Undergrad: 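A single structure is presented below for examination.
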Amino acid sequence: MTVVSIGRQDDIAIVTVNNPPVNALGQALRQGLWDAVETLDADPSVRAVVLICAGRTFIAGADVTEFGKPPVPPHLPDLVNRIEAAAKPWVAAIHGSALGGGFEVAMGCRFRVALEGASVGLPEVGLGIVPGASGTVRTPRLAGVEAAVELVTTGRPFKADRAQGLGLVDAVVAGDLEAGAVAFARKALGQPLPPPISARPVTSPAAGWWDDQRKAIARRAKGEVAPLRALDCLRVAAEKTFAEAMAHERATFLDLRASDQAAALRHIFFAERAAPRPAHLSGVEARPLRRAAVIGGGTMGAGIVAALRDAGLPVTLIERDADAVARGLANLRSILDGAVKRGKLTEAQAEARLAGVTAGSDYAALADADLVIEAVFEELSVKRAVFAQLGKACRPDAVLATNTSYLDPRLIAEGLPGPERFIGLHFFSPANVMKLLEIVPTPATAPDVLATGFALARQLGKIPVQAGICEGFIGNRILKRYRAEAEALVRQGTPIAAIDAAMRAHGFAMGPFEAQDLGGLDIAFLQREGARAAGQDVPETLGDILVRAGRKGQKTGGGWYDYAPGDRSPKPSAATASLLAGQIAASPAELTAEEIATRLTGAMAAEGQLILTEGIALKPSDIDLVEVHGYGYPRWRGGPMFAQGLR
Ligand code: 3H9
């Protein structure tokens, strides 16, 4: 396949890159571009060059699959310099995304023209590295230090119009990108050329500004090293010569590329991309999804409605009676209002989301639904009653899903006519925000129904993970083990606050006890009580002792910790200490923060190993995705299985 081809529009050469799927800068493409510069420099009939890409996007970056291998020339920084030093001006014509090395190549060009809606960015920190082909050095020279710091240290791309406002691109065109870029090039040839970016000046802010940035980034990064190293590169770029800054950036890039954090982030990057299309479902066609319905308008049901509406699906919401319908709609409204407040939706978008929902209590409204998701109270008899009605009201080919998080889906589906259309779809709260979706087939689930679960995840922009049937599936089963291990540490005398602090230091947003106080201790307690009532042998937990004493977490003013009214910051609790006193070892084992984290993440991985052995999860990376996307496991550690070398 020819990855680079050269065409002409009179005296303007058109260099087209065609390296599907995302025009990543593998060795062949780097060489092809290098050769194109040489060829066009030598051609006196060419006055300017437009660099454009075939397919869905402009060059989306270096080829990440090459990162584990020794670099082969031409190296990307040299290629960017070569394009910049070309005898004719190059114009990058950007559609889709110009990311990482792709945007660095665009900065080697004398001009950048973007199609409306395109974006540019330097997402390298998300892969645990810094830009390695002048991104930290040319960006501040192109658009100033402040824009460069935001672009590089957050890794978030900028849309074309914002990029133009900051000077990252020179023009935004609508319609035919190639024609627009050629017209731009012709006009540019009639004027003096701007200096190449490497020759442009850069002004460094005062030392205090850099210190403030460092503090803010360190707070956000929670142990992730790349954003801070990227800031260092930008500071060197602003304070030293171009050549010195390039050398510093390259050394940092190579150092980080070989780091554990980069390996972990690459692992998650590829696991996320593999998840929506599992190999065992290739060739299995999903059922069409045009209309969806949700049964139950509680927090979870309303969140699922919001997620379905975000994906543009019309939704029918069914509740028991008129009051419950009104409450369900109010729940949805409050989710949408929250999104407006946070700037995620405009008022008009929120209204449109709401307008696409038909709510009522009559199951007859489900006659044309392609997919129904049950999200009612977590009790078997209640759920069974719902499916008995669905069995009568829905089309025989409609996919019927339960959002249960603990119950056995086989029991929920018992007696359902057409059990092959039944599946578990376990969303995480808030369902319109959390990316994880556990997909739980029963032995009766048809392959195309399973494929429909994955298709739904793709449509909703979620990360799907297939889970087998066991209590808690993958995520909640590991959570239970994690909490049990944390309680075991408390029993051995490790202070509650030391455990939470250790897990935060490890990169979790919260420790296990703070998280329980936030979510409420009563949910898991009621579950254990249910199991006990059903005759199972469930030993008393420390959490049970607290709940029995009325300490259910923040909502009761205290759980593992105390909380002052209106203050969510946890304070060590004398009441908790006295309630648990009889359970705690007299001579405590002194553990370091690292030992605590190793013990707890080790327990997660051990449970993950059991889950794999039992066939509940299909592969270790699925478990890592569950933990990273559902339970706050630090992404840059790659998940519990990756961290233990279980890949
Ligand atoms: C970098 O550039 C370093 C430089 O500064 C310095 C170097 C010296 N490489 O996401 P999708 C594959 S670091 C290899 O589903 P979309 C992906 O695995 C890089 N493969 O598509 C998948 O494969 P498959 C900085 C890549 O349309 C397929 O392409 N750049 C790469 O939803 C489709 O991917 C980035 O971090 C890659 N760089 O989204 C950009 N990227 O089909 C990362 C993708 O076999 N990429 N693949 O499963 C993206 O953000 C998205 O892919 C993009 C398209 C937005 C471009």
Side-chain angles (χ1 to χ4, degrees), residues 3 17 19-30 33 53 55-81 94-108 117-139 148 151-152 154-159 226 229-230 233-234 237 246-247 249-259 262-263 265-279 281-282 435 454 457-464 621 635:
V3 291
V17 168
N19 189 25
V22 297
N23 294 314
L25 283 155
Q27 196 278 335
L29 176 52
R30 297 197 302 274
L33 285 171
C53 292
R56 67 173 101 161
T57 181
F58 191 78
I59 301 166
D63 186 341
V64 180
T65 60
E66 286 184 353
F67 278 10
K69 306 170 193 161
V72 182
H75 303 300
L76 196 52
D78 300 335
L79 173 63
V80 174
N81 286 339
I94 299 168
H95 76 291
S97 316
L99 297 177
F103 187 52
E104 293 173 316
V105 164
M107 286 195 287
S119 47
V120 303
L122 293 165
E124 283 86 343
V125 292
L127 289 165
I129 54 175
V130 295
S134 83
T136 68
V137 189
R138 281 194 171 88
T139 313
L151 194 72
V152 177
T154 67
R156 278 197 297 273
F158 293 171
K159 283 281 179 205
R229 298 286 299 271
C233 290
L234 288 156
M246 285 298 291
E249 181 195 77
R250 186 75 183 162
T252 308
F253 170 79
L254 291 175
D255 180 28
L256 290 182
R257 196 180 67 165
S259 69
L265 287 161
R266 278 200 298 278
H267 163 70
I268 294 296
F269 176 87
F270 285 115
E272 283 171 348
R273 277 162 180 78
R277 290 185 177 76
L281 289 174
S282 81
K435 287 264 174 250
F454 281 89
R458 292 197 293 274
Q459 213 168 330
L460 303 187
K462 304 243 179 259
I463 307 281
S621 62
R635 187 181 170 85

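Atoms within a ligand are numbered from 1 in the order they appear, just like the ligands themselves. Nothing here was measured: the structure is a model prediction, and the numbers come from that model.
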Undergrad: Show which atoms of ligand 1 fall inside a sub-4.0 Å distance from at least one heavy-atom site of Pro131.
TA: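 Listed by number with element, the hits are 5 (O).
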Undergrad: My understanding is that we take every heavy atom of each candidate and find the minimum distance to atom 22 (C) of ligand 1. Doing that for Arg273, Arg250, Glu272, which one comes out nearest?
TA: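 Selected option, by shortest heavy-atom distance: Arg273.
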Undergrad: Does a side-chain heavy-atom distance below 4.5 Å link Phe454 with Leu281?
TA: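 Sidechains of Leu281 and Phe454: in contact.
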Undergrad: Which atoms from ligand 1 have a heavy atom of Gly101 less than 4.0 Å away?
TA: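 The list of qualifying atoms is 1 (C), 2 (O), 4 (C), 5 (O).
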Undergrad: Going by a strict under-4.0 Å cutoff (protein heavy atoms only), does atom 16 (P) of ligand 1 have a neighbour on the protein?
TA: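 True for atom 16 (P) of ligand 1.
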Undergrad: Look at atom 29 (O) of ligand 1 and say which protein heavy atom is nearest, naming residue and atom and giving the distance to 0.1 Å.
TA: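 Protein heavy atom with the smallest distance to atom 29 (O) of ligand 1: Pro21 CG, 3.2 Å.
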Undergrad: Looking only at protein heavy atoms, which one is nearest to atom 8 (C) of ligand 1, and what is the separation?
TA: Phe253 CZ, 3.5 Å
Undergrad: Closer than 4.0 Å and a protein heavy atom, does any atom meet both conditions relative to atom 47 (N) of ligand 1?
TA: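 Flag for atom 47 (N) of ligand 1 set to true, protein heavy atom closer than 4.0 Å.
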Undergrad: Measure the distance from atom 44 (C) of ligand 1 to every protein heavy atom, then report the residue, atom name and distance (to 0.1 Å) of the closest one.
TA: Val22 CG2, 3.5 Å
Undergrad: Show your working on salt bridge (Lys or Arg N to Asp or Glu O under 4.0 Å) between Glu249 and Arg229 and close with a plain yes or no.
TA: CA-CA 9 Å; Glu249 181 195 77; Arg229 298 286 299 271; over 6 Å; no
Undergrad: Sequence neighbours left out, what pairs pass side chain to side chain donor-acceptor pair (under 3.5 Å) with at least one residue falling in residues 66-79?
TA: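 For residues 66-79, and leaving out neighbouring residues, the side chain to side chain donor-acceptor pair (under 3.5 Å) pairs sorted by first residue read Arg30-Glu66.
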Undergrad: Answer yes or no: are there more than 12 heavy-atom neighbours, outside Arg458 itself, under 6.0 Å from its atom CZ?
TA: yes
Undergrad: Check whether Phe269 forms a cation-pi arrangement with Arg273 (NZ or CZ under 6.0 Å from the six-membered ring centre, at most 45° off the ring normal).
TA: yes
Undergrad: Nearest 0.5 Å please: distance from the CD1 atom of Ile268 over to the CG atom of Leu127.
TA: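 The distance works out to 11.5 Å.
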Undergrad: Which of the listed options, Ala60, Ala62, Gly100, Pro71, holds the heavy atom that is closest to atom 37 (C) of ligand 1?
TA: Ala62
Undergrad: Does only the side chain of Arg277 get under 4.0 Å from ligand 1, or the backbone, or both, or neither? Count heavy atoms.
TA: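 The answer is neither; Arg277 stays 4.0 Å or more away.
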Undergrad: Are any of the N/O atoms in Thr65 less than 3.5 Å from those in ligand 1?
TA: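 Not met; the criterion fails.
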Undergrad: Rounded to the nearest 0.5 Å, what separation is found between the CG atom of Asn81 and the CD atom of Glu104?
TA: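 The CG atom of Asn81 sits 11.0 Å away from the CD atom of Glu104.
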Undergrad: With respect to Leu127, determine whether any N or O atom, backbone or side chain, lies less than 3.5 Å from an N or O atom of ligand 1.
TA: no
Undergrad: Roughly how far apart are Leu265 CG and Phe270 CZ, rounded to 0.5 Å?
TA: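 One finds 12.0 Å between CG of Leu265 and CZ of Phe270.
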Undergrad: Heavy-atom contacts with Gly132 under 4.0 Å: which atoms of ligand 1 show up? List them by number with element.
TA: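 That gives atoms 4 (C), 5 (O), 6 (C) of ligand 1.
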Undergrad: Below 4.0 angstrom, counting only protein heavy atoms, does anything approach atom 53 (C) of ligand 1?
TA: no
Undergrad: Among Pro123, Ser119, Pro157, whose heavy atom sits nearest atom 25 (C) of ligand 1?
TA: Pro123
Undergrad: Check each atom of ligand 1 against the heavy atoms of Asp63 and keep those under 4.0 Å away; list them by number with element.
TA: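 Near Asp63, the atoms of ligand 1 are 9 (N), 14 (C).
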Undergrad: Tell me which part of Glu104 gets within contact of ligand 1: side chain, backbone, both or neither, using heavy atoms under 4.0 Å.
TA: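 It is the side chain that touches ligand 1; the backbone stays farther off.
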Undergrad: So how far is it from Phe103 CZ to Ser119 OG, rounded to the nearest 0.5 Å?
TA: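 Those atoms lie 10.5 Å apart.
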Undergrad: Check if Gly135 has a non-hydrogen atom at a distance under 4.0 Å from any atom of ligand 1.
TA: no
Undergrad: Might you check, step by step, whether the distance between atom 42 (O) of ligand 1 and some protein heavy atom is under 4.0 Å?
TA: no
Undergrad: For Leu25 and Asp63: C-alpha separation, side-chain torsions, deciding distance, then whether side chain to side chain contact (heavy atoms under 4.5 Å, CB included) applies.
TA: CA-CA 5 Å; Leu25 283 155; Asp63 186 341; 5.8 Å; no
Undergrad: Please work out whether any backbone atom (N, CA, C, O) or any side-chain heavy atom from C-beta onward of Val64 is under 4.0 Å from ligand 1, and answer side chain, backbone, both or neither.
TA: both
Undergrad: I'd like to check which ligand 1 atoms, numbered from 1 as shown, lie under 4.0 Å from a non-hydrogen atom of Leu99.
TA: 40 (C), 50 (O)
Undergrad: Atom NE2 in His267, atom CD in Glu272: separation rounded to 0.5 Å?
TA: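 These two atoms lie 10.0 Å from each other.
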Undergrad: Closest non-hydrogen protein atom to atom 33 (C) of ligand 1, residue and atom name please, with distance?
TA: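 Checking every protein heavy atom, the shortest distance to atom 33 (C) of ligand 1 gives Arg56 NH1, 3.7 Å.
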Undergrad: Measure the spacing between OG of Ser134 and CG of Leu79 and express it to the nearest 0.5 Å.
TA: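 Atom-to-atom, Ser134:OG and Leu79:CG are 10.5 Å apart.
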Undergrad: Is any side-chain heavy atom of Arg257 closer than 4.5 Å to one of Pro71?
TA: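 Of all side-chain heavy-atom pairs linking Arg257 with Pro71, at least one is under 4.5 Å.
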Undergrad: Could you check whether any side-chain heavy atom of Ile129 comes within less than 4.5 Å of a side-chain heavy atom of Phe67, counting everything from C-beta outward?
TA: yes
Undergrad: Among all protein non-hydrogen atoms, which one is nearest to atom 5 (O) of ligand 1, and what is the separation to 0.1 Å?
TA: Glu124 OE2, 2.4 Å
